[in-house]
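Every heavy atom of this structure was used, including side-chain atoms; hydrogens, water molecules and symmetry mates were not.
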Amino acid sequence: MTSRVYAATIATHLTDAGHTSSETGPAWAPGFRVAQASPYTTRIHHDGPDEQQHLDAYADALRALGYVVTAEHPDGRRPRIRATHR
């Protein structure tokens, strides 16, 4: 049985792990962006340079907290990661 995963909770976990959000602050800055994909899934993007390195770091941080993280790279779109919880 999976449990609900909230975008706000994922954003808090990533911030607590020392990562920066691209959606906060007075001006744009490189960082993560979290979107609620369903009640049980969030998708995490990196806005800025070194996209794959940052996505890997976000995935490591979330896996350490027990999330199931899957890399996604849809055709014609930027890479992202998907986080769910058991």
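Applying the side chain to side chain contact (heavy atoms under 4.5 Å, CB included) test to T41 and every residue at least two apart in sequence or in another chain returns A37, S38, R82, T84. Partners of A71 under the side chain to side chain contact (heavy atoms under 4.5 Å, CB included) rule, at least two apart in sequence or in another chain, do not exist in this structure. Partners of R78 by side chain to side chain donor-acceptor pair (under 3.5 Å), not counting sequence neighbours, listed by chain and number: D47, E51. In terms of the side chain to side chain donor-acceptor pair (under 3.5 Å) criterion, residue partners of Q52 (sequence neighbours excluded) are, by chain and number, D56. H45 meets the ring-ring contact (aromatic ring centres under 6.0 Å, His included) test with no other residue; sequence neighbours excluded. For A57, the side chain to side chain contact (heavy atoms under 4.5 Å, CB included) test picks out H19, with sequence neighbours left out.
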Please step through side-chain contact (heavy atoms from CB on, under 4.5 Å) for the pair S22 and W28, ending with a clear verdict. CA-CA 6 Å; S22 67; W28 180 87; 3.9 Å; yes
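In this structure, CZ on R4 lies 14.5 Å from NE2 on H85, to the nearest 0.5 angstrom. Taken to the nearest 0.5 Å, the CD1 atom of I81 stands 5.5 Å off from the CG atom of L55.
Applying the side chain to side chain donor-acceptor pair (under 3.5 Å) rule to pairs touching residues 6-17 yields H13-Y67, sequence neighbours excluded.
Ring geometry for Y58 against H46 counts as tilted: the plane angle lies between 30° and 60°, on a 0 to 90° scale.
A distance-only check finds a donor-acceptor pair linking the side chain of Q36 to the backbone of V5 [under 3.5 Å].
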